[in-house]
Amino acid sequence: MSRKRVIVVGVGGFIGSHLLERLLAAEVDGEPVYDVLGFDTSTSKIEGLLDHPRLKFTKTYVDASNVEEVIGPHLDGCYALFSLAAVCNPAEYVANPVFTIESNFIDSYKLVELCAKKKVWMLHTSTCEVYGRTIASYLDGNQYDDPELYEQREDQTPHLMGPTVNQRWCYAAAKALLERYIYATHTDRGLPFTIIRPYNWFGPRMDYIPGRDGEGTPRVMACFMKALLDKEPIQLVDGGTATRTVTYIDDSVDALMRMLERPEQAQNTFFNIGNRQSEVTMAELASTMVEIYAEITGDPEVRNHPIRHVTGEEFYGPGYEDCDKRVPTVARAEELLDWHPNNDLRQTLRKTMVYFHENYGAAKPA
Ligand code: NAD
Ligand code: UDP
């Protein structure tokens with residue numbers, strides 16, 4: 001069996017690094033299945049794999065101006081291309097909205113055209129954030145008792161983003177436009193595609209810990225983890241009432257691998273990939289992480305870890321608006337991919353936090 005060439009743009013990121021491990025490890029009858037061509041500006045999460053004989057890595061920023069030259073020559077005979085590269089951190093949407101839009105739409109649209117020209121299967125990580133806020137959140141009394149008003153279905157749920165002046169939505173709007181561009185290119189020019197909408201995938205190597213291996217405000221798991229590691233108050237935005245469904249990275253990458261193995265089922269459709277059993281408010285996420293960290297460190301004092309309440313504006317700046325609730329239906333992934341997440345919330349947090357404790361704990365500064 002000849003090996004399949006897979007291109008991963010954004011291979012050095014959190015998801016890319018886990019996907020890379022799985023692609024290089026995949027075997028059928030003892031034979032490796034994939035050769036990987038990876039592109040990213042960053043290598044810190046994949047250092048241990050850079051010398052792998054079936055990885056060819058190019059350190060570069062891929063955008064509309066160079067994509068033809070950088071990616072184009074590799075598309076003939078390519079089995080699939082994962083497009084993962086993006087700015088995807090809410091602090092950036094408010095602080096750097098132009099860059100967020102450039103990264104999530106302008107940098108990527110030419111890649112769509114190239115894949116269409118060469119008929120290469122493009123698997124693109126969009127986001128669950130394209131759904132925006134729930135219908136329930138706009139109704140009197142919120143009406144969260146009716147799942148019809150908040151559950152997110154791939155082809156039925158409308159995209160309800162807030163006003164343009166609330167810049168938080170520039171990411172979701174750019175992602176939604178790229179989704180529409182991909183879908184239009186499919187219907188017009190026969191691009192084979194899969195759109196993936198991740199729901200808060202957590203795990204080792206997610207983001208960075210500010211002051212240790214990065215600067216700024218990462219996503220919530222790393223923010224809470226930094227507070228625990230550095231014994232600073234956990235900052236809870238707007239009362240911590242917003243919910244997320246937390247999905248372990250191994251389960252998530254399992255879905256991506258199943259897509260690759262089942263092209264007939266996975267092509268030309270959209271998938272929510274999230275663990276609907278792991279819905280949690282951000283206040284519950286904070287208290288559960290505190291509890292688990294007390295277990296990991298064996299220090300009962302951690303249970304008294306301080307929480308500081310802040311407004312979205314104080315924490316992120318003007319223009320922040322939150323997604324109120326994110327619960328996917330995953331019937332499509334269950335049916336077409338036979339995919340089921342195996343890790344519940346506590347397992348996900350424990351595995352993730354053990355990694356951060358071991359790699360960034362007090363004994364191990366920067
Ligand atoms: P990440 O920030 O860890 O990884 C993104 C990687 O892309 C980084 O290594 C970055 O250096 C690289 N990159 C960015 N722009 C690039 C460019 N122009 N050229 C080359 N490399 C570039 O983020 P992640 O969590 O791995 O997310 C990957 C994708 O999944 C993103 O498109 C994101 O929007 C989407 N997503 C992720 C989640 C999640 O839960 N992790 C949720 C929703 C959507
Ligand atoms: N959040 C918080 N404290 C933090 C960081 C984030 O309360 O230190 C909240 C944020 O307001 C949102 C949720 O956590 O309600 C998830 O934020 P994240 O940055 O992970 O991004 P999102 O899930 O919105 O893409």
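All ligand and atom numbering here is 1-based and tracks the order in the structure.
- Listed by chain and residue number, the protein contacts of ligand 2 are P90, E129, R168, N200, R219, V220, C223, F224, Q235, L236, V237, A242, R244, M282, F315, Y316, Y320, D322, R326 (heavy atom within 4.0 angstrom).
- D63 and Y61 are not linked by any side-chain donor-acceptor pair at a separation below 3.5 angstrom, with hydrogens and angles left out of the test.
- Of the possible donor and acceptor atoms, none in the side chain of R54 sits under 3.5 Å from a partner among the backbone N and O of P32.
- The closest donor-acceptor contact from the side chain of H305 to the backbone of E232 lies under 3.5 Å.
- Donor-acceptor pairing under 3.5 Å is recorded for the side chains of N272 and Y131.
- A donor and an acceptor atom, one from each side chain of E321 and W169, are located under 3.5 Å apart.
- S17 and R205 share a donor-acceptor pair across their side chains, judged by distance under 3.5 Å alone.
- Protein residues with a heavy atom closer than 4.0 Å to ligand 1 are G10, G12, G13, F14, I15, D40, T41, S42, T60, Y61, V62, L84, A85, A86, C88, T125, S126, T127, Y171, K175, P198, N200, W201, R219, listed by chain and number.
- Residues T348 and N343 have side chains that never bring a donor and an acceptor to within less than 3.5 angstrom of each other.
- Distance alone, capped at 3.5 Å, places no donor-acceptor pair between the R219 side chain and the N89 backbone.
- Close placement of the F270 and Y183 rings is indicated, their centers lying within 6.0 Å of each other.
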